[in-house]
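Ligands are counted one by one from 1 in listed order, and the atoms in each one are counted from 1 as well.
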Amino acid sequence: MKLYVFDGGRAHLPDLSHLTPDRNFGRPVTIPLFSFLIDHPRGLVVVDTGVDTDDARDPVLEVEPAHRIDRQMQRLGYAPGDVKYVVLTHLHLDHTGGMTLFPDATFIVRRSELRAAWWPDAYERGYDFDNLLAARGFRYLQPPGDEAFDVFEDGSVVCFDTKGHTEGHQSVLVDLPRSGKIVLTGDAVQVAENLTDSVPPGMCWNSQMAVQAIAKLRHLQETGALLIFGHELSLLESLKIAPAYYD
Ligand SMILES: [Zn+2]
């Protein structure tokens, strides 16, 4: 079993307060866009899909065609058509841009997240209706509520509830034979400061639940798991980035 971390490019935000509300005003920040591939004996799993580099409309994005997840997979010798499951931590646009690259996969998205994205409240700014519409006819496995969802029923890839950043946000625990437990937090923790200072991430649906999710993730870290945050730039220095991998 292997876990690959893909570097999907950068976004340049004018203000770190987008990720740490009510603080860090006026501090510009560059954030990475991560996505992941898990090569499990019983099938390939993609976690988050980044942005579609060929259709990147937002001027804050710095992405190249080579960053697109299907091309990164092909360079490693994997066929995107072989992907069995795509887990989306949530449906914000920087995680859903590559959904249509996997039309034959089963998408694992929280039931509440699908509904929140399809009929967002007026203040929600993170969802992209074009992305969602293009994937409307796909196959969705919709774990309900707070239940953990064990993808292969062997404890190796477990999706668990971390709602708060969005209504149906989930994180993914990957348990590897040699590297041990690695947690893909998604945007439950966007930058390290969310975790160290218990500051809810930006564009937050429910701050209280976001802080509860952070506490759950901190517990996993304290019990030995490696946490990979959604948009922490310094991780590019410390993580194994594809073609390197965790096993
Ligand atoms: Zn994000």
Subject >> Partners meeting salt bridge (Lys or Arg N to Asp or Glu O under 4.0 Å) with Asp82 (sequence neighbours left out) >> reply: none
Original post:
So what's near the Zn ion (ligand 1), protein N, O or S atoms under 2.8 Å?
Top reply: Asp94 OD2, His95 NE2, Asp187 OD2, His231 NE2
Subject >> Sole candidate of Phe107, Phe138, Phe152 that passes ring-ring contact (aromatic ring centres under 6.0 Å, His included) when paired with Tyr85 >> reply: Phe152
Subject >> Any residue meeting salt bridge (Lys or Arg N to Asp or Glu O under 4.0 Å) with Asp94, in chain and number order, not counting sequence neighbours >> reply: none
**OP:** Name the orientation class of the two ring planes belonging to His90 and His169 (parallel below 30°, tilted from 30 to 60°, perpendicular beyond 60°).
**Re:** tilted
**OP:** Please say which of Gln170, Lys163, Arg110 ends up in a side-chain hydrogen bond (donor to acceptor under 3.5 Å, both in side chains) with Asp146.
**Re:** Lys163
Subject >> Residues which pass side-chain contact (heavy atoms from CB on, under 4.5 Å) with Asp54, listed by chain and number, not counting sequence neighbours >> reply: Asp52, Pro65, Arg68, Arg71
